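Data first, discussion second: the structure below is written as structure tokens.
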Amino acid sequence: MSEQDLSTYASMWTTEHDQWELHRFDDTYLPIMKGDPPMASLICDDELADLVITRMLAAGVTVVTSE
């Protein structure tokens, strides 16, 4: 994975921070863009997904749980 790969998603925790939520399912998070309808962002590279989610959590993106 390159830094360029991560920068592709940077708006999720920077400029578009307020347009995203992290939905928590057990020990997994799924990035969801708010809207009608909401849209999930699937990241097929597990390492990249973990980095994106970590940065979103650190930036204070809202976490939604089913509990």
Side-chain angles (χ1 to χ4, degrees):
M1 187 214 41
S2 70
E3 190 65 31
Q4 181 180 5
D5 294 337
L6 185 58
S7 69
T8 301
Y9 297 93
S11 64
M12 295 167 78
W13 63 86
T14 59
T15 58
E16 297 176 3
H17 170 273
D18 59 337
Q19 296 177 29
W20 289 90
E21 296 175 332
L22 285 168
H23 287 237
R24 185 173 179 185
F25 301 96
D26 298 322
D27 294 331
T28 304
Y29 292 93
L30 180 61
I32 303 285
M33 180 178 263
K34 299 175 191 176
D36 187 25
M39 299 195 49
S41 178
L42 301 178
I43 303 171
C44 296
D45 179 322
D46 290 340
E47 180 184 353
L48 179 58
D50 289 344
L51 289 171
V52 168
I53 290 166
T54 298
R55 298 219 179 171
M56 291 177 79
L57 289 168
V61 172
T62 302
V63 175
V64 177
T65 61
S66 59
E67 299 171 357

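As the structure is a computational prediction, the values presented were derived from the model and not from experiment.
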Quick one: [atom1] on [X] to [atom2] on [Y], what's the gap to the nearest 0.5 Å?
{"X": "Leu48", "Y": "Thr8", "atom1": "CG", "atom2": "OG1", "result": "8.0 Å"}
{"X": "Gln19", "Y": "Met12", "atom1": "CD", "atom2": "CE", "result": "11.0 Å"}
{"X": "Leu57", "Y": "Thr62", "atom1": "CG", "atom2": "OG1", "result": "11.0 Å"}
{"X": "Trp13", "Y": "Leu22", "atom1": "CH2", "atom2": "CG", "result": "11.5 Å"}

Write down the atom of [X], the atom of [Y], and the distance for their closest heavy-atom approach.
{"X": "Trp20", "Y": "Val61", "value": "O-CG1, 3.4 Å"}
{"X": "Ala10", "Y": "Thr14", "value": "O-OG1, 2.7 Å"}
{"X": "Arg24", "Y": "Thr65", "value": "CB-CG2, 4.0 Å"}
{"X": "Asp45", "Y": "Glu47", "value": "OD1-N, 2.9 Å"}

Under 3.5 Å, which donor-acceptor pairs link side chains of residues 25-43 to any protein atom two or more places apart or in another chain?
{"unit_1": "Lys34", "atom_1": "NZ", "unit_2": "Asp18", "atom_2": "O", "d": "3.1"}

Just to verify, what does Thr54 make a side chain to side chain contact (heavy atoms under 4.5 Å, CB included) with, not counting sequence neighbours?
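Thr54 satisfies side chain to side chain contact (heavy atoms under 4.5 Å, CB included) with no other residue.
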